[in-house]
Amino acid sequence: IHMSAILILFKLVDAPYINHGKFTTLYSLLGGHQEYSKGKMACSKIKTVGKYDIDTGNELGRGSYGAVFMGEHFQTKEQVVAKKLFLDVLPREYAVSEVAILKLGVRHENIVQILFDEEKDNEFWIVMEYCDKGNLSQYAKDTPLDLFAKIDIGHQCSDALVYLLNLKPKRVIHRDLKPPNILLLTRLDKEGVLAKISDFGLSRAIGSATVTKLGTQAGTLHFMAPEMFDEDEEATYNRAVDVFALGIVIHYLLKVMKI
């Protein structure tokens, strides 16, 4: 088990251009997560967002800054998920940031694809591909995972991070990697699930190896690397913060019953 975790992280740490940061003892995993569930389109409460019909009566999850709904393409009937962000409580730059990052040419099978975005009536809508198995936190709670399934999910997430950390012309630091932000999709080509990293609202695209302090601490407490807590205004951190976060995810995948 330990060797599997080491091999997955080695793939990341050995990737070109990564300046290794300090790694300390893994923190305890706490915190909530969004709940996702399947559902069919209702005949009422349909909102049109681009070419997609969003069923606002079929809410999959809700937080302080937005809500998630089921939807479908009005012609192909392909199922999608639509995230509605509340611009009256959420800074607009947060909403725009997620879309901007994924419009940098990000294309990877282990990263959630944005299909459409629209700002209207003080709401910001982001339509994304539908991941029928929900997020990793929920899936691990509801579904028994054997060792090989856990290793496979870890490998997929590391593949996505290697891609993001070496993207050109600008590399992407996710800064909020955690089980609720890893969505899962049924594989059509073989057994198992396809893991996809999502929620790029706190991400940053950078041209250099490090990013300066951004005024506030970004991320989720128990997945944040130690250097992100540095109160020095001149402090910087690098892409190793995502490697640290994935290390915690993998640790809990391999060592605990629930995430």
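One-based numbering along the sequence shown.
In this structure, M128 and Q113 have side chains that are not in contact, with every pair of non-hydrogen atoms separated by 4.5 Å or more. Side-chain atoms of P180 and L136, non-hydrogen and from C-beta on, never get closer than 4.5 Å to each other. At least one side-chain heavy atom of D132 sits less than 4.5 Å from a side-chain heavy atom of Y130. Y139 places a side-chain heavy atom less than 4.5 Å from the side chain of V193. When side chains are defined from C-beta on, N135 does not count as touching I182, because their heavy atoms never get closer than 4.5 Å. Residues V80 and E129 form no side-chain contact, since every pair of their non-hydrogen atoms from C-beta on lies 4.5 Å or further apart.
Side-chain contact check for N181 and S198: no donor-acceptor pair (N or O, by modelled atom type) lies under 3.5 Å.
Within a 6.0 Å radius of NZ in K120, no more than 12 heavy atoms belonging to other residues, nucleotides or ligands are found. The number of heavy-atom neighbours closer than 6.0 Å to OH of Y65, taken from other residues, nucleotides and ligands shown, is 12 or below. Around the CZ atom of F74, the shell of radius 6.0 Å holds more than 12 heavy atoms that belong to other residues, nucleotides or ligands.
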Determine whether K84 and F69 satisfy the following criterion, side-chain contact (heavy atoms from CB on, under 4.5 Å), listing intermediate values before the conclusion. CA-CA 8 Å; K84 180 176 75 170; F69 305 93; 4.1 Å; yes

side-chain contact (heavy atoms from CB on, under 4.5 Å) between E123 and K47, worked out: CA-CA 12 Å; E123 297 174 347; K47 179 179 179 64; 4.0 Å; yes

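When hydrophobic clusters are built by joining Ile, Leu, Val, Met, Phe, Trp and Tyr residues whose side-chain heavy atoms come closer than 4.5 Å, directly or via intermediates, F86 is grouped together with V99. A single hydrophobic cluster is not seen to contain both V106 and L185; linkage of ILVMFWY side chains at heavy-atom distances under 4.5 Å, directly or through other members, places them apart. By the criterion of side-chain heavy atoms lying less than 4.5 angstrom apart, applied directly or through intervening Ile, Leu, Val, Met, Phe, Trp or Tyr residues, V81 is not grouped with L194; the two fall into different hydrophobic clusters. Transitive grouping of hydrophobic side chains (ILVMFWY, heavy atoms separated by less than 4.5 Å) brings L167 and V112 into a common cluster. Note: the hydrophobic cluster containing L254 also contains F244 (ILVMFWY, side chain heavy atoms under 4.5 Å, direct or indirect links).
Between the CH2 atom of W125 and the CD atom of E119 there is a distance of 13.5 Å, given to the nearest 0.5 Å. The structure places CD of Q156 at 9.5 Å from NE2 of H108, a figure rounded to the nearest 0.5 Å.
Between I250 and G154, the shortest heavy-atom contact is CG1-CA, 4.4 Å. Looking at every heavy atom in both residues, L184 comes nearest to C131 through O-CB, 3.2 Å. In terms of heavy atoms, K178 sits closest to V249 at CA-CG2, 4.1 Å. Taking all atoms of both residues into account, the shortest heavy-atom contact from V243 to L161 is N-CD1, 4.4 Å. For the residue pair D142 and P144, the shortest heavy atom distance occurs at O-CD, 4.0 Å. Smallest separation of non-hydrogen atoms from C157 and I197: O-CD1, 4.0 Å.
Taking the six-membered ring where tryptophan is involved, the planes of H73 and Y52 are perpendicular, since the angle between them exceeds 60° and thus also 30°. Using cut-offs of 30° and 60° for the angle between ring planes, the H174 and F200 rings count as perpendicular.
No donor-acceptor distance shorter than 3.5 angstrom exists from the side chain of E72 to the backbone of E78, with no hydrogens or angles considered. D152 places no side-chain N or O within donor-acceptor distance of the main-chain N or O of F148, the cut-off being under 3.5 Å. The backbone N or O of G247 lies less than 3.5 Å from no partner atom in the side chain of Y252, so there is not a single donor-acceptor pair. For N110 (side chain) and A195 (main-chain N/O), a donor-acceptor pair under 3.5 Å exists by modelled atom type. With hydrogens and angles ignored, the 3.5 Å screen pairs no side-chain donor or acceptor of D117 with any backbone N or O of V127. For the pair S137 (side chain) and P179 (backbone), a donor-acceptor distance under 3.5 Å is absent. For the pair D242 (side chain) and R175 (backbone), a donor-acceptor distance under 3.5 Å is present.
One finds no salt bridge joining K196 and E109 here, because no Lys/Arg side-chain nitrogen approaches an Asp/Glu carboxylate oxygen to under 4.0 Å.
When the options D55, T56, I54 are evaluated for a side-chain contact (heavy atoms from CB on, under 4.5 Å) with I46, the one that passes is D55.
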